[in-house]
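Below is one structure, written out as structure tokens; comments come after it.
A note on names: the letters A, B, ... follow the listed sequences, proteins ahead of strands, and every chain is numbered from 1. Owing to the predicted nature of the structure, the values given are computational and were not obtained by experimental measurement. Values below: every heavy atom of this structure, side chains too, minus hydrogens, waters and symmetry copies.
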Protein chains: 2
Amino acid sequence: MSAESPGHGRGHAGGEPGKPAAFAPVRPVRAYQRVAEQIEERILSGALPPGSRLPAERELVRQFDVGRSTIREALRVLQSSGLIRSRPGDPQGAEVLGVSPDTLSHALGRLARSHLSGLGELIQFRMVLDAESYRLAARLHTEEDLRRLTELADRMEEYVPHDPHAFSRADAEFHRVVAEAGGNALLALCARAVHDAVADAIESKLARAERAGEAADWMRRSVVHHRHVLAALGDGDGPRAARLGREALHDSYAPHVSEQDRARLRAALD
Amino acid sequence: MSAESPGHGRGHAGGEPGKPAAFAPVRPVRAYQRVAEQIEERILSGALPPGSRLPAERELVRQFDVGRSTIREALRVLQSSGLIRSRPGDPQGAEVLGVSPDTLSHALGRLARSHLSGLGELIQFRMVLDAESYRLAARLHTEEDLRRLTELADRMEEYVPHDPHAFSRADAEFHRVVAEAGGNALLALCARAVHDAVADAIESKLARAERAGEAADWMRRSVVHHRHVLAALGDGDGPRAARLGREALHDSYAPHVSEQDRARLRAALD
DNA sequence: GCCAGGCGACTGGTCAGACCAGTTGATCAC
DNA sequence: GTGATCAACTGGTCTGACCAGTCGCCTGGC
């Protein structure tokens, strides 16, 4: 739907015409914030490209004319955003990393771990993201993508049932190629982050299934699912690929979650 | 698709049987990191619920037995993650905010500004998330949800064309209710974060449209779109609601992005 | 000439102590 | 009772110090 009224998104109240120019509440801006903002701006604008170095902390103290603790708090903020990395003793100063998807993954991971959402929501969300990846990939893939995906599915089949580790790597690679074919890095990142979050959350339960000897079955079913999706991708049938993707996730996880979560997964099926 | 091999998700290498137990590289863990981790753990686990207070910094110094700068750097990290908020002079200590979508939208905004992805990807991603919210809501909504949504659409119509601010608030509320009806908080938070990131990213361009007097048209079209979606929700027709949602976003933003991004948005339409 | 080792000048990480401005709640004068 | 005052906090910032790690240079031995 969109429709944040143009130019009025979230509080930028400046310059409302016709009104008596109310004063905007002024809130104190901390020194470390301004320091962090200045540096972040230079990184995002490309003036400080990835791989370049920040001046040493004591040099920044001189340039910004603030205390070292202020500089350090600013650098800590930038570091926790993944924009820079610092290492003790490095005479070249902190390294600029540029924008990385890790922050996004961490934020998603926190969201997933919080009590706000449970395993059911997580898997449901993954059904959404995966399915939409397939939908896009069905429309935009190249022949080369299809070839690589087919090869990966073949490799997965080889690993059944004795190398679940390699199987899982091939599976992740399969998803990566699909996401790449869809051409939306953002969607791909989120899908990956949610994938990891699900893996973390359900690992213990699945380990039990593995001990019970169900791992081979799981892998075999997974290969079949991948092949079906692959066929839909080859036909360029986005909706079918999406539906198959949702079904695959549902079938894989439904046996391992609570009845309530199962209902949730069913609701997301079509 | 799923299929991270059960029990082998992401590097938890401990106790691989049969291998010669290689030593893991040990990397120094900073004091402020351990402090931040301990506090974050308590927040995520619910031991420190939103609204509760952290001890004062000088008290934390005693409890963790580290210097105040260490405590402050840890708090800075937590604050930049949106988990806490501190205010000078507050005798109650820093306030716990809990997990919020703000971090996510910041990360998304940075990503969209960077070369890694762009505005087109962001809007495309929003098409995906919004459409899927509708799909879930169509299936799971209650009569009460429908009533509230109808009322919100009515209110939006009232605000056209003279109160874009109130219009935008009603619009956001509409999306919130849809997300709530769908029952997936994770999806709702992500949709909200992407919504905000898009709003931030495109604000300047839309302000131009506003000056050109296109704002009223924009709002009118938006109301029509909302009504169509609402009808589909009422019919319980998830796929139709999803398609309408994608079309609405496409129509709203396609005129304001590059030709390349327009192609991307078209690809996400069906 | 070359390489190993050591030395020194850095780096970031941490701590201690101080001051400031802001907030709050009790106290006191009216 | 009400309003101003004040003292005891708070977080934000600065200074100066020390430590351990890292790197570059320089020197001594080969």
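Distance from the side chain of A:Ala31 is smallest to D:dT13 among D:dT13, C:dG12, D:dG12. Listed candidates were D:dG12, C:dT11, C:dT24. Nearest to the side chain of A:Ala56 is C:dT11.
Distance, B:Arg85 CZ to D:dG12 C1': 17 Å, rounded to whole Å. One can place CG of A:Leu54 at 13 Å from C1' of C:dG12, the figure rounded to the nearest angstrom. Between B:Leu75 atom CG and D:dG11 atom P there is a gap of 8 Å when expressed in whole angstrom units.
Atom CZ of A:Arg53 has more than 12 heavy atoms from other residues, nucleotides or ligands within 6.0 Å. Within 6.0 Å of CZ on B:Arg42 lie no more than 12 heavy atoms contributed by other residues, nucleotides or ligands. Counting heavy atoms of neighbouring residues, nucleotides and ligands inside a 6.0 Å radius, atom CD of B:Glu144 exceeds 12 of them.
B:Arg192 places no side-chain N or O within donor-acceptor distance of the main-chain N or O of B:Ser105, the cut-off being under 3.5 Å.
For residues 63-72 of chain B, proximity to DNA chain C is found at B:Val66, B:Gly67, B:Arg68, B:Ser69, B:Thr70, defined as any non-hydrogen atom under 4.0 angstrom from a strand atom.
For the pair A:Gly89 and B:Gly93, nearest-nucleotide mapping onto DNA chain D gives the more 5' position to B:Gly93. Heavy-atom nearest nucleotides on DNA chain D were determined for A:Gln33 and for A:Arg58, and the one closer to the 5' end corresponds to A:Gln33.
Taking the six-membered ring for Trp and thresholds of 30 and 60 degrees, A:His195 and A:His175 have ring planes inclined between 30 and 60 degrees apart.
Between A:Arg87 and C:dG12 there is no side-chain polar atom (N or O) within less than 4.0 angstrom of OP1 or OP2.
Looking at B:Leu97 and B:Ile84, their side chains never come closer than 4.5 Å, going by heavy atoms from C-beta outward.
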